[in-house]
Amino acid sequence: PKQAKCVAPIPVPTYGAGGNFSVACATEIAGPALACLEKVLNLPHYGDWNAFIPRAEVLRPGPEQTTDRTKLPPEVQALFAKPGFISPGARIKFEAVMSGSSSRSVELDVSFLETFDPRESEKGANAKGDDDGNEDRKGNGNGTVNGRAYRVAWKGTFSPGFMLRSERVQEFVEYVAEDGSVRTRYANWETFGGLLGYVLPKEQIVAGFQKWTDGLKKAVEEQGGEDK
């Protein structure tokens, strides 16, 4: 597992390269990728496992008919029909516990959700040359990737963008371990930019990312790692 920490900016889908800094971490989860993705998309149940974001809700659902949505595999499209699950284009709201009992509310837009070829993703990561940040996007290299990999991202609705912008990416890469068990390499990073990016409470964000990652791992493994 890679502990959460601040690293040099990692490229994100909407804004590309650049920014002030990223917070990144990674871990191995004993369970299939779809079970991990389902936990992250199911906002009403964040309080069951997420100490960083114990309250989350969908403010506006994503459009039902979009090219990005219809090309997703059936098992992912089936999740969108469940109450409180997010889909591409949705606007969501998080209540983040920053320190002690203080909390911060933030609205976000789900920028995309896709399947991808992890072998191509790894090639791209290696080509970027940011060893520190890229290392935190990878899990253990042992095992055989079996083709199930998902990526979801959301971005802040801050305005104007030159003052503050952010986008968070989570990747779930399923593989078969040497003992035959199905596991997921989970990578999680958010890149911040803009003038206010220099004064953000980095230590609190790092601590929150670690709580999120640890909680997700524990929740999936305690339910037996089954797709539900």
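Atoms considered below: every heavy atom in the structure, side chains included; atoms not considered: hydrogens, waters and symmetry mates. Just so it is clear, the model here is predicted, and its values are computed rather than measured.
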Asks: Going from CE on Met98 to CD on Glu203, what distance comes out if it is rounded to the nearest 0.5 angstrom?
Replies: 11.5 Å
Asks: Working to the nearest 0.5 angstrom, can you tell me the gap between Glu114 CD and Lys71 NZ?
Replies: 7.5 Å
Asks: Just to verify, what does Ser181 make a side chain to side chain donor-acceptor pair (under 3.5 Å) with, not counting sequence neighbours?
Replies: Asp179
Asks: Please answer whether the main-chain N or O of Thr14 pairs with a side-chain N or O of Glu167 as donor and acceptor at a distance below 3.5 Å.
Replies: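 Looks like yes, one N/O pair under 3.5 Å.
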Asks: To check you understand the geometry: which heavy-atom pair defines the closest contact between Pro44 and Pro83, and what is its length?
Replies: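 Looking at all heavy atoms of both residues, the shortest contact is CG-O, 4.2 Å.
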Asks: List for me each residue that meets side chain to side chain donor-acceptor pair (under 3.5 Å) alongside Gln77, sequence neighbours excluded, and say none if there are none.
Replies: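 Gln77: no side chain to side chain donor-acceptor pair (under 3.5 Å) contacts found.
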Asks: Any side-chain heavy atom of Thr191 within less than 4.5 Å of one from Trp189?
Replies: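 They are in side-chain contact.
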Asks: Are the side chains of Asn42 and Lys82 in touch, meaning some heavy atoms are under 4.5 Å apart?
Replies: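 Sidechains of Lys82 and Asn42: no contact.
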Asks: Distance from Lys39 atom NZ to Asn50 atom CG, nearest 0.5 Å?
Replies: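 Here the interatomic distance stands at 11.5 Å.
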Asks: So Glu221 and Ile29, do their side chains get closer than 4.5 Å, heavy atoms only?
Replies: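 When only atoms from C-beta onward are counted, Glu221 and Ile29 do touch, with a gap below 4.5 Å.
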Asks: Partners of Gln210 by side chain to side chain contact (heavy atoms under 4.5 Å, CB included), sequence neighbours excluded?
Replies: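 Testing Gln210 for side chain to side chain contact (heavy atoms under 4.5 Å, CB included), a comparison that skips the adjacent residues, returns Gln3, Ala4, Asp214.
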Asks: Name all residues meeting the side chain to side chain contact (heavy atoms under 4.5 Å, CB included) criterion together with Ser87; count only those two or more places apart in sequence or in a different chain, and write none if there are none.
Replies: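 Partners of Ser87 under the side chain to side chain contact (heavy atoms under 4.5 Å, CB included) test: Arg69, Phe80.
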Asks: Would you please name every residue forming a side chain to side chain contact (heavy atoms under 4.5 Å, CB included) with Lys202, sequence neighbours left out?
Replies: Cys6, Phe21
Asks: Determine, stepwise, if the pair Leu43 / Glu57 fulfils side-chain contact (heavy atoms from CB on, under 4.5 Å).
Replies: CA-CA 6 Å; Leu43 298 196; Glu57 62 178 311; 5.5 Å; no
Asks: Checking the side chain of Thr27 only, and the main-chain atoms of Tyr186 only, is there a donor and an acceptor separated by less than 3.5 Å?
Replies: no
Asks: Keeping the roles fixed (side chain from Lys217, backbone from Glu28), state whether a donor-acceptor pair exists under 3.5 Å.
Replies: yes
Asks: I'd like to check the side chain to side chain contact (heavy atoms under 4.5 Å, CB included) partners of Val97; sequence neighbours left out, ordered by chain and number.
Replies: Pro54
Asks: Between the main-chain N or O of Ile10 and the side-chain N or O of Ser22, is there a donor-acceptor pair closer than 3.5 Å?
Replies: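 Side chain of Ser22 to backbone of Ile10, a donor-acceptor pair under 3.5 Å: yes, one is there.
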Asks: Assess whether side-chain contact (heavy atoms from CB on, under 4.5 Å) is satisfied between Arg151 and Phe112, documenting all intermediate values.
Replies: CA-CA 8 Å; Arg151 181 186 291 125; Phe112 74 95; 3.4 Å; yes
Asks: For Lys93, which residues count as a salt bridge (Lys or Arg N to Asp or Glu O under 4.0 Å) partner, sequence neighbours excluded?
Replies: Glu95
Asks: Which atoms form the tightest heavy-atom contact between Pro118 and Val173, and what is the distance?
Replies: CB-CG1, 3.7 Å
Asks: Do you know the tightest heavy-atom contact between Arg183 and Ala30?
Replies: NH1-CB, 3.5 Å
Asks: Listing request: all side chain to side chain donor-acceptor pair (under 3.5 Å) pairs with a residue in residues 192-201, at least two apart in sequence or in separate chains.
Replies: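 Listed once each, the pairs are Asn20-Tyr198.
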Asks: Could you give the distance from CZ (Phe192) to CD1 (Ile205), rounded to the nearest 0.5 Å?
Replies: 4.0 Å
Asks: Between Pro88 and Pro63, which heavy-atom pair has the shortest distance, and what is it?
Replies: O-CD, 3.6 Å
Asks: With a 4.5 Å cut-off on side-chain heavy atoms, are Tyr175 and Arg185 touching?
Replies: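 Yes, close enough: below the 4.5 Å cut-off.
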Asks: Of the non-hydrogen atoms in Pro9 and Gly19, which two are nearest, and what is the gap between them?
Replies: CG-O, 3.3 Å
Asks: Are side-chain heavy atoms of Val152 and Phe172 found at a separation under 4.5 Å?
Replies: yes
Asks: Is the backbone of Ala187 close enough, under 3.5 Å, to the side chain of Glu171 for a donor and an acceptor to pair up by distance?
Replies: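 Here the side-chain-to-backbone pair does not exist.
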Asks: Is there a path of hydrophobic side-chain contacts, each under 4.5 Å between heavy atoms of I/L/V/M/F/W/Y residues, joining Phe52 to Ile92?
Replies: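 As far as the 4.5 Å side-chain criterion goes, Phe52 and Ile92 are connected within one cluster.
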Asks: Please, which pairs that meet ring-ring contact (aromatic ring centres under 6.0 Å, His included) have at least one residue in residues 83-108, sequence neighbours excluded?
Replies: Tyr46-Phe94, Phe94-Trp154
Asks: Ring-plane angle category for Trp49 and Trp212, please: parallel below 30°, perpendicular beyond 60°, tilted otherwise.
Replies: perpendicular
Asks: Are any non-hydrogen side-chain atoms of Ile53 and Lys211 less than 4.5 angstrom apart?
Replies: no
Asks: Does the side chain of Leu113 reach to within under 4.5 Å of the side chain of Leu41, using non-hydrogen atoms?
Replies: yes
Asks: Can you get from Ile86 to Val40 by hopping between Ile, Leu, Val, Met, Phe, Trp and Tyr side chains that sit under 4.5 Å apart?
Replies: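 In one cluster with Ile86: Val40, yes.
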Asks: Side chain of Asp109, backbone of Ser111: donor and acceptor closer than 3.5 Å?
Replies: no
Asks: Does the pair Asn188 and Arg168 meet the rule for a side-chain contact (heavy atoms from CB on, under 4.5 Å), with working shown?
Replies: CA-CA 7 Å; Asn188 176 24; Arg168 182 173 185 173; 3.0 Å; yes
Asks: Taking only residues two or more places apart in sequence, or in another chain, which ones meet Thr157 in a side chain to side chain donor-acceptor pair (under 3.5 Å)?
Replies: none
Asks: Could you tell me if the side chain of Leu37 sits less than 4.5 Å from the side chain of Thr184, heavy atoms only?
Replies: no
Asks: I'd like to check the side chain to side chain donor-acceptor pair (under 3.5 Å) partners of Arg55; sequence neighbours left out, ordered by chain and number.
Replies: none
Asks: Where is the tightest heavy-atom contact between Val182 and Pro32, given as atom of each residue plus distance?
Replies: CG1-CA, 3.9 Å
Asks: Treating Ile, Leu, Val, Met, Phe, Trp and Tyr as nodes and any side-chain heavy-atom pair under 4.5 angstrom as an edge, say whether Leu108 and Leu59 lie in one connected cluster.
Replies: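 In one cluster with Leu108: Leu59, no.
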Asks: Glu75: what forms a salt bridge (Lys or Arg N to Asp or Glu O under 4.0 Å) with it, not counting sequence neighbours?
Replies: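 By the salt bridge (Lys or Arg N to Asp or Glu O under 4.0 Å) rule, Glu75 matches no residue at all.
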